[in-house]
Number of protein chains: 2
Amino acid sequence: MARKKEFDEDELLNKAVALFWDKGYHATSAQDLVDGLGINRSSLYNTYTDKRTLFTKSLRQYQAKNTGAVLSMLKNVVNAQEAITQLLYAVIKESEEDELAKGCFMVNTAIELSSHDKEIGSLVAENAKSVEDAFARTIEKGQQDGQFTKAKSAKALAHFVFSTISGLRVSARSGVDKQTLEDIVEVALSALKA
Amino acid sequence: MARKKEFDEDELLNKAVALFWDKGYHATSAQDLVDGLGINRSSLYNTYTDKRTLFTKSLRQYQAKNTGAVLSMLKNVVNAQEAITQLLYAVIKESEEDELAKGCFMVNTAIELSSHDKEIGSLVAENAKSVEDAFARTIEKGQQDGQFTKAKSAKALAHFVFSTISGLRVSARSGVDKQTLEDIVEVALSALKA
DNA sequence: ACCGATTTGAAACATTCGTTCCGAATCGGT
DNA sequence: ACCGATTCGGAACGAATGTTTCAAATCGGT
């Protein structure tokens with residue numbers, strides 16, 4: 001009935017994620033998107049309406065992939081302490097492999113837009129809540145297994161772990177060395193121990 | 001010899017700090033600055049060269065005032081544990097009183113610009129280092145006084161405390177409630193205890 | 001009271017911004 | 001093979017960007 005699209009929408013969205021992730025919303029121009037995605041202006045606006053819509057779709061794409069991976073990993077945890085430990089060291093590994101020091105797209109967006117864009121703000125908040133809830137469930141299991149301290153509620157510990165990751169991501173984006181990140185993770189983990 | 005300036009440069013710089021702090025570098029336009037500072041375009045460019053220079057001066061102003069206050073508070077600490085505790089709760093109090101949820105200008109700038117602007121990046125890094133060093137000295141004293149754990153080095157604990165504050169500031173900028181921030185602080189403090 | 005220096009105000013600058021438009025090209029269905 | 005629909009390419013849009021210009025206003029020193 002019509003001409004076929006000449007690009008893979010999902011792959012294109014991944015490219016958009018990379019661009020916005022690296023430079024943020026305001027510093028990424030429409031021209032940057034045209035160049036970076038390798039498609040025409042018309043196709044871009046035709047497919048994604050406008051820049052802001054493309055950004056929110058990129059954010060959702062990131063959430064589906066990255067947050068989704070975390071949630072499914074925490075879905076059926078056998079060893080809670082190992083799971084949380086792995087999660088924190090994964091942040092270090094990720095920042096090691098990322099020579100652009102992009103940090104975390106959600107954290108970056110929270111800082112750049114959350115306080116001035118209600119819709120994006122609640123998207124970020126919702127993402128945080130889903131992660132924290134998963135953390136809390138895992139930590140609660142760790143408490144029952146005697147791995148984590150019961151001196152604080154699972155919810156409080158979950159807030160703490162989430163905040164630790166945010167802090168790690170800020171440091172990663174600032175380009176601190178691996179040793180510093182490991183210091184942070186080790187101390188944070190010690191706070192959870194029974 | 002010449003006409004007097006009709007504005008107070010220092011007061012003007014404080015206004016610039018507030019503007020950049022709230023909206024970030026890219027989202028704050030020259031027009032926003034003209035409106036917000038209440039001076040003319042010419043005076044602005046005449047006094048501060050250009051937008052980026054004004055931004056760096058604002059950042060230094062923030063550093064001098066805020067980081068300076070922290071450093072001088074940590075200069076002659078008698079009770080290390082009390083000092084660190086106060087510092088963390090001060091972040092909560094500050095975010096409570098800030099209805100705009102501006103977070104921390106340094107953290108915001110680290111996220112927005114550190115990875116793409118070398119000069120600003122090293123300004124942020126230098127600021128972080130001076131704070132972490134002051135933390136380390138205070139924590140070392142706390143270790144000697146038997147308040148803080150010796151299981152980790154003072155430097156590692158300092159990295160952790162700094163990262164915790166970054167995490168708090170991200171949360172504050174995202175608009176989380178006071179209870180969550182208190183959870184984070186309490187768990188973080190427990191990690192430092194002997 | 002005047003001169004030289006500096007600030008001010010408002011208009012104008014070129015450039016880039018995000019977005020739209022439209023003819024040409026390309027596809028699927030009949 | 002042709003039609004209808006959709007996408008593509010590139011030019012063009014008005015608005016906003018950061019910055020400059022310049023005459024008028026205002027000051028201090030003599």
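The sequence lines fix the lettering, A, B, ..., with proteins before strands; numbering per chain opens at 1. Bear in mind that the values here come from a model prediction, so they are computed numbers and not experimental data.
Rounding to whole angstrom units, CG of residue A:Asn40 and C1' of C:dC21 are separated by 12 Å. Atom CG of A:Leu44 is separated from atom P of C:dG18 by 11 Å (rounded to the nearest Å). In this structure, the CG atom of B:Asp32 is 19 Å from the P atom of D:dA15, given to the nearest Å. Atom-to-atom, CD of B:Gln31 to P of C:dC17 comes out at 19 Å; the value is rounded to the nearest Å. Straight-line distance from the OH atom of A:Tyr45 to the P atom of D:dA12: 18 Å, rounded to whole Å. A straight line from CG of B:Leu12 to C1' of C:dT7 spans 14 Å, rounded to a whole angstrom. Atom OH of A:Tyr25 and atom P of C:dG18 are 8 Å apart (whole Å). Between the NE2 atom of A:His26 and the C1' atom of D:dA16 there is a distance of 14 Å, given to the nearest Å.
A salt bridge (charged side-chain N to carboxylate O under 4.0 Å, His left out) check over residues 19-28 of chain A, counting only residues at least two apart or in different chains, returns the pairs A:Lys23-A:Asp32.
For C:dT30, the paired base is D:dA1 (Watson-Crick or G-U wobble, both distances below 3.5 Å). Under the Watson-Crick and G-U wobble criteria, each requiring two contacts below 3.5 Å, nucleotide D:dT7 is paired to C:dA24.
Scanning atom types as modelled, no donor and acceptor separated by under 3.5 angstrom connect the side chain of B:Arg41 and the base of D:dT20. On a pure distance criterion of 3.5 Å, no polar donor-acceptor pair joins the side chain of A:Ser42 and the base of C:dC22.
Between A:Ser43 and the phosphate of D:dT7, there is no side-chain N or O to OP1/OP2 separation shorter than 4.0 Å.
Here A:Asn46 lies in heavy-atom contact (under 4.0 Å) with sugar-phosphate atoms only.
Below 30°, between 30° and 60°, or above 60°: for B:Phe105 and B:Trp21 the angle between ring planes is below 30°, a parallel geometry. Note: A:Tyr25 and A:Phe55 have perpendicular aromatic rings, judged against thresholds of 30 and 60 degrees for the angle between ring planes.
Within a 6.0 Å radius of NZ in B:Lys51, other residues, nucleotides and ligands contribute more than 12 heavy atoms. Heavy atoms of other residues, nucleotides or ligands lying less than 6.0 angstrom from CG of B:Asn76 number 12 at most.
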